[in-house]
Amino acid sequence: MKAITFLLKAKQPILATSFEGDPNSDVSYSYILGSMIRGALIGRYLKINRLGNTDILADGTVRRLFFDGTTRYLNAYPCSQTGKRTLPILLSWRKEKGAELKDESDGMGIFDFSIRKPSKEVLDSPKAISEPFWVEEDGLRLYTIDRRINIHTFRDRSKGRSTENEGEIFRYDAIDAGQTFQGVILCDDSDEKIIQDLLITPDIWLGGSRSAGYGHVEISQVKSHNGWNEVGIAPEKRVGDNILKVTLLSDLILRDECGQYTAIPPTNLLFEVLGINLDKPSNAYMDSTFIGGFNRKWGLPLPQVSAVKAGSVFVYENVEINPDKINILETEGIGERKTEGFGRVAVNWCTEECFTAKKPKALPRKDKPQFKTSESRELARQIGERILRQRLEQLLLAQIEPRRLQANQMTNSQLSRLMIVTRQALDKNSREPLDTLFSQVTKSSRSKYESAKLGNQPLEKIIKQWLDNPREWMGTEIKDILIGDEKCSLSDSLAMEYTLRLIMAVAKNATKDKADE
């Protein structure tokens, strides 16, 4: 098969709506779906050949190009700084809890649990990788994308403005403009020229809300390849050890024995393609997601189905596999909707137990507004900090309810004292008052601190953990805010402020609970 690669540069934000977020928001995927590229090229083909009012499925060429699986439109993942196509992070990778990459000079140890789990001494508190993409360039580099959040108001279509009945506020969390993605189309040799002609015109619109300033993309660097491989390693180099390790490079849609869409290991699908009897996977790291879509021809959404998430890893032991079978599996893919880029797999890929990852070098974004005065930069920083504080407030409210004290034997005076001292620490933005409190607490009071459980650990121990690492309870929810070329990051002082506020909220809730008893 021929592989046609091309770059897609976002000239406007792109809204490839996923099923994340609340009902009043649309959150975009972190990449451009193959189904979006396929849909846009269908529209171009029909316009060029004037087939808009005909039954296009009766045309054999149309079926071969877009519908029967002969041609495949893979997801366009972010392009690295060296021009490589990144790939989804493996769900079997783990890092030490609290480990972060602040800039390109930092290194972070990553362990592949699908190969071997390290001891407690090596990796004390394993945690999944938060960055969604990675690539091998001068070592392993972790990539993420910039996002843009815009607030919109529903408008009455006839009046062209919001009204009492049509005025709800909603937001779009979209892929920000200026970023580049690499797409791939796999096709027969005979269709190479047709596909390339469809990609000649650089301007194309992808995703939703195109009339509202979303979706303008520029196509460039269209190239054709023979023997293209999605992971860049020849199948001959990935045979041995009687191991079949399957990694999903895109979401996988499959059905169970009853014909229902489900998220399970793809053992039966692998048997169908390879003709090899397989037992249950000896090791599996997977997650599920929901897949939908929108059919512009019908003007209707597609049915929502459960799927196995990209990056899932399945390991089968005592399996002999040769390069030809690896090539078939990686070329054909597995599952349903393979035409749209679903079901892409890599076999016996990523075989290192541990390695070091870094961030790519930060490059200036030329498409973003550059602030020319110190006043405008200061205003941008203030806006970024307000957005950051708003997200921290939302996270704090979400964390308070599940963090209630259990077996609470603390007196109201102890809880009140804890709140007063925490308020003093908050005024100083320092943990010193709380450290002094815990060092001077009496033996009887300490026993009550130990009996008060937050989760399954004593209250005092949890508070000290939060003070040692104020970002721990926040997880990966709080991201950097970019206003133009000014970046607002979560500072240590801001993390400590909201950690102290969480401690106060826990103590206050405990006081209310005692009053209700």
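Only this structure's heavy atoms are used, side chains among them; waters, hydrogens and symmetry mates stay out. This is a predicted model, so every value here is computed, not measured.
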**Request:** Please find out if less than 6.0 Å separates the ring center of Y45 from that of F66.
**Result:** yes
Any donor-acceptor pair under 3.5 Å from [X] side chain to [Y] backbone:
{"X": "D251", "Y": "A310", "result": "yes"}
{"X": "R63", "Y": "L57", "result": "yes"}
{"X": "S306", "Y": "T262", "result": "no"}
{"X": "N75", "Y": "G34", "result": "yes"}
{"X": "T86", "Y": "P78", "result": "yes"}
{"X": "K127", "Y": "A99", "result": "no"}
{"X": "R344", "Y": "E330", "result": "yes"}
{"X": "W134", "Y": "P88", "result": "yes"}
{"X": "Q182", "Y": "F6", "result": "no"}

Considering non-hydrogen atoms only, spot the tightest contact between [X] and [Y] and give its length.
{"X": "G178", "Y": "K9", "answer": "O-CE, 3.9 Å"}
{"X": "I326", "Y": "R238", "answer": "CD1-O, 3.5 Å"}
{"X": "K309", "Y": "T289", "answer": "CA-CG2, 4.2 Å"}
{"X": "L252", "Y": "G335", "answer": "CD1-CA, 3.8 Å"}
{"X": "E192", "Y": "K2", "answer": "OE1-CE, 3.2 Å"}
{"X": "V184", "Y": "A3", "answer": "CG1-CB, 4.5 Å"}

Residues two or more places apart in sequence or in another chain: which of them pass side-chain contact (heavy atoms from CB on, under 4.5 Å) with [X]?
{"X": "K11", "answer": "H216, E218"}
{"X": "T70", "answer": "R64, D68, D188"}
{"X": "R44", "answer": "L41, L198, T201, I204, I219"}
{"X": "V305", "answer": "I253, Y261, I291"}

**Message:** N283 vs S114, test: side-chain hydrogen bond (donor to acceptor under 3.5 Å, both in side chains). Steps then yes/no.
**Reply:** CA-CA 6 Å; N283 209 349; S114 68; 5.7 Å; no
Rounded to the nearest 0.5 Å, how far apart are [atom1] of [X] and [atom2] of [Y]?
{"X": "L90", "Y": "L249", "atom1": "CG", "atom2": "CG", "value": "8.5 Å"}
{"X": "L329", "Y": "L244", "atom1": "CG", "atom2": "CG", "value": "7.5 Å"}
{"X": "F111", "Y": "K117", "atom1": "CZ", "atom2": "NZ", "value": "14.0 Å"}
{"X": "T351", "Y": "D112", "atom1": "OG1", "atom2": "CG", "value": "9.0 Å"}
{"X": "N318", "Y": "L278", "atom1": "CG", "atom2": "CG", "value": "11.0 Å"}
{"X": "S28", "Y": "L33", "atom1": "OG", "atom2": "CG", "value": "8.0 Å"}

Other residues, nucleotides and ligands only: do more than 12 of their heavy atoms fall within 6.0 Å of [atom1] on [X]?
{"X": "E320", "atom1": "CD", "result": "no"}
{"X": "K193", "atom1": "NZ", "result": "no"}
{"X": "D138", "atom1": "CG", "result": "no"}
{"X": "R386", "atom1": "CZ", "result": "no"}
{"X": "D279", "atom1": "CG", "result": "no"}

Does [X] reach the side chain of [Y], with side-chain heavy atoms less than 4.5 Å apart?
{"X": "I185", "Y": "T71", "answer": "yes"}
{"X": "Y172", "Y": "P13", "answer": "no"}
{"X": "P132", "Y": "T144", "answer": "yes"}
{"X": "R148", "Y": "Q12", "answer": "no"}
{"X": "E96", "Y": "L123", "answer": "yes"}
{"X": "V27", "Y": "R147", "answer": "yes"}
{"X": "I4", "Y": "C187", "answer": "yes"}
{"X": "D176", "Y": "I145", "answer": "no"}

**Request:** Kindly determine whether K84 and E137 satisfy salt bridge (Lys or Arg N to Asp or Glu O under 4.0 Å), including the steps that lead there.
**Result:** CA-CA 8 Å; K84 294 183 178 179; E137 53 177 14; 5.7 Å; no
**Request:** Test salt bridge (Lys or Arg N to Asp or Glu O under 4.0 Å) on R85 and E230 and set out the steps.
**Result:** CA-CA 9 Å; R85 178 173 178 256; E230 197 160 359; 3.0 Å; yes
**Asked** How far apart are the C-alpha atoms of T267 and Y316, what are their side-chain angles, what is the distance that settles it, and do they pass the side-chain hydrogen bond (donor to acceptor under 3.5 Å, both in side chains) test?
**Response** CA-CA 9 Å; T267 306; Y316 298 87; 2.8 Å; yes
**Request:** Please test F67 against V62 for side chain to side chain contact (heavy atoms under 4.5 Å, CB included), starting from the C-alpha separation and ending with a verdict.
**Result:** CA-CA 7 Å; F67 295 104; V62 173; 3.6 Å; yes
**Message:** D480: which residues meet the side-chain hydrogen bond (donor to acceptor under 3.5 Å, both in side chains) condition with it, sequence neighbours left out?
**Reply:** S489
**Message:** One pair to check against side chain to side chain contact (heavy atoms under 4.5 Å, CB included): V217 and F181. What are the steps and the verdict?
**Reply:** CA-CA 10 Å; V217 176; F181 300 78; over 6 Å; no
**Asked** For S250 and Y77, what are the C-alpha separation, side-chain angles and deciding distance, and is it a side chain to side chain contact (heavy atoms under 4.5 Å, CB included)?
**Response** CA-CA 10 Å; S250 64; Y77 291 133; 3.7 Å; yes
**Request:** Starting from the C-alpha separation in whole Å, work towards a yes-or-no answer on side chain to side chain contact (heavy atoms under 4.5 Å, CB included) for Q179 and I14.
**Result:** CA-CA 10 Å; Q179 300 175 92; I14 302 172; over 6 Å; no
**Item:** ring-ring contact (aromatic ring centres under 6.0 Å, His included): pairs with one or both residues in residues 263-290, sequence neighbours excluded
**Value:** none
**Request:** Only one of I115, T247, V246 passes side chain to side chain contact (heavy atoms under 4.5 Å, CB included) with V313; say which it is.
**Result:** T247
**Prompt:** Do the charged groups of E131 and K359 touch, with an N to O distance under 4.0 Å?
**Reply:** no
